[in-house]
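Written out below as structure tokens is the structure these notes cover.
All residue numbers refer to positions in the sequence shown, counting from 1. Here the structure is a predicted model, which means the values were calculated and not measured.
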Amino acid sequence: NERLREELEFLATRDPMTGCLNRRAFYARAEPLFRRAREQGLPLSCLMSDIDKFKNFNDTYGHAVGDLVIQQVSRLLKRAVRPEDVLCRYGGEEFCLLLSGMNMTQAMAVAERIRRIIEAEAGPAIQEVPNLCITSSFGVSQLGLGGSITLEQLIDRADQGLYAAKEGGRNQVRCLDLVDDPVV
């Protein structure tokens with residue numbers, strides 16, 4: 001019974017393709033983490049990541065290769081995060097990650113490290129397509145001390161940074177200036 005319960009919980013909380021948290025499970029874990037960070041004045045950073053030009057993989061090589069691309073990127077993301085971090089497949093080829101206890105400088109460094117790992121390792125790991133090049137763009141935001149933003153606004157700011165990275169040429173990390181919410 002215990003094993004069956006664990007299996008059902010896994011199926012209910014995980015994205016079936018990647019094994020990352022699904023969005024519902026992400027919010028269930030993120031909300032208490034966010035609340036604690038606000039109440040205790042702890043840094044909390046959010047990363048949004050998107051696989052660059054993902055539609056081209058499906059259109060050029062088929063959906064089976066597109067699925068492999070998503071799975072490989074998710075493996076690298078899972079390998080790069082700490083146990084206390086919260087990672088989910090946010091939708092399609094987009095991932096969201098909460099980093100507790102990390103300020104903006106640290107979060108930007110983590111995003112850059114992951115970006116480089118994806119660029120170097122994701123394509124070569126997919127043996128079905130030789131010389132495949134896979135890159136990802138990242139947006140980063142942070143809950144500042146005394147911040148009055150919501151979890152959704154924190155995620156939205158990271159998403160805006162992601163769009164800035166895409167518009168700026170892709171395969172990069174961007175954050176937007178947080179004018180009303182000082183960076184720790």
Side-chain angles (χ1 to χ4, degrees), residues 15 18-21 23 26-27 29-30 33-34 37 42-57 66 68-126 132-145 147 149-184:
D15 170 65
T18 64
C20 295
L21 291 175
R23 196 185 288 207
F26 170 78
Y27 276 100
R29 292 192 186 173
L33 188 65
F34 180 83
L42 302 172
L44 178 69
S45 294
C46 180
L47 276 58
M48 289 294 286
S49 175
D50 187 76
I51 300 169
D52 294 329
K53 299 185 178 183
F54 178 75
K55 187 176 180 318
N56 290 348
F57 296 114
L68 291 173
V69 169
I70 290 172
Q71 291 167 340
Q72 183 56 32
V73 168
S74 72
R75 277 188 206 101
L76 295 172
L77 285 164
K78 287 187 279 188
R79 189 179 81 194
V81 300
R82 306 168 301 174
E84 65 268 26
D85 297 331
V86 183
L87 170 66
C88 87
R89 182 176 177 198
Y90 206 71
E93 67 277 6
E94 193 171 43
F95 296 88
C96 186
L97 176 61
L98 284 183
L99 305 171
S100 61
M102 283 198 191
N103 64 32
M104 182 63 83
T105 302
Q106 294 165 324
M108 292 285 290
V110 167
E112 179 61 24
R113 180 175 52 85
I114 296 170
R115 185 200 64 75
R116 288 179 188 210
I117 289 169
I118 290 170
E119 183 179 32
E121 297 180 25
I126 298 177
L132 191 63
C133 179
I134 301 170
T135 61
S136 286
S137 298
F138 288 81
V140 182
S141 66
Q142 186 200 353
L143 174 66
L145 289 175
I149 66 171
T150 65
L151 175 60
E152 290 76 18
Q153 289 169 324
L154 180 71
I155 293 168
D156 185 58
R157 285 183 175 176
D159 203 37
Q160 291 171 27
L162 171 61
Y163 281 107
K166 294 277 192 187
E167 290 174 7
R170 296 181 176 83
N171 194 26
Q172 57 186 276
V173 177
R174 291 276 182 98
C175 71
L176 300 181
D177 292 332
L178 305 179
V179 177
D180 64 330
D181 201 21
V183 175
V184 175

Quick one: are Gln106 and Ser45 in side-chain contact, heavy atoms under 4.5 Å? no

Which residues pass the side-chain contact (heavy atoms from CB on, under 4.5 Å) test with Lys166, sequence neighbours left out? Asp50, Asp52, Ser137, Leu162, Arg170

Within the 4.5 Å heavy-atom criterion, are Leu143 and Ile149 side-chain neighbours or not? yes

Let me confirm one number: the OH-CE distance from Tyr163 to Met48, rounded to the nearest 0.5 Å. 8.0 Å

Out of curiosity, Asp159 CG to Cys96 SG, how far, rounded to the nearest 0.5 Å? 8.5 Å

Do Phe54 and Val73 make a side-chain contact, defined as non-hydrogen atoms from C-beta onward lying under 4.5 Å apart? no

Salt bridge (Lys or Arg N to Asp or Glu O under 4.0 Å) involving Asp15 - partner list, sequence neighbours excluded: Arg89

With sequence neighbours excluded, what pairs up with Arg82 under the side-chain contact (heavy atoms from CB on, under 4.5 Å) test? Glu84, Asp85, Leu99, Ser100, Met102

In Å, rounded to the nearest 0.5 Å, how long is the span from CG of Leu87 to CG of Leu47? 10.0 Å

Under the side-chain contact (heavy atoms from CB on, under 4.5 Å) test, which residues partner Ile126, sequence neighbours left out? Leu68, Val69, Gln72, Glu128, Leu132, Ile134

Evaluation steps, side chain to side chain contact (heavy atoms under 4.5 Å, CB included), between Ile155 and Glu152: CA-CA 5 Å; Ile155 293 168; Glu152 290 76 18; 5.8 Å; no

The criterion is side-chain contact (heavy atoms from CB on, under 4.5 Å); which residues satisfy it with Gln172, sequence neighbours excluded? Ala165, Arg174

Side-chain touch Arg75/Arg79, heavy atoms, less than 4.5 angstrom: no

Decide if atom NZ of Lys78 counts as having more than 12 heavy atoms of other residues, nucleotides or ligands within a radius under 6.0 Å. yes

Let me confirm one number: the CD-OG distance from Glu93 to Ser74, rounded to the nearest 0.5 Å. 13.0 Å

Arg157 versus Ser141, closest heavy-atom pair with distance: CB-CB, 3.7 Å

To the nearest 0.5 angstrom, please state how far the OG atom of Ser136 sits from the CG atom of Leu76. 9.0 Å

Please walk me through it: do Leu98 and Leu154 pass side chain to side chain contact (heavy atoms under 4.5 Å, CB included)? CA-CA 10 Å; Leu98 284 183; Leu154 180 71; 4.1 Å; yes

Rounded to the nearest 0.5 Å, what separation is found between the CZ atom of Phe138 and the CZ atom of Phe95? 9.5 Å

Validation row: Gln153, Thr150 side chains within 4.5 angstrom (heavy atoms): yes

Should the pair Tyr27 and Tyr90 be assigned to parallel (<30°), tilted (30 to 60°) or perpendicular (>60°) ring geometry? tilted

Holding to salt bridge (Lys or Arg N to Asp or Glu O under 4.0 Å), I want the full list of residues that pass it with Glu112, two or more places apart in sequence or in another chain. Arg115, Arg116

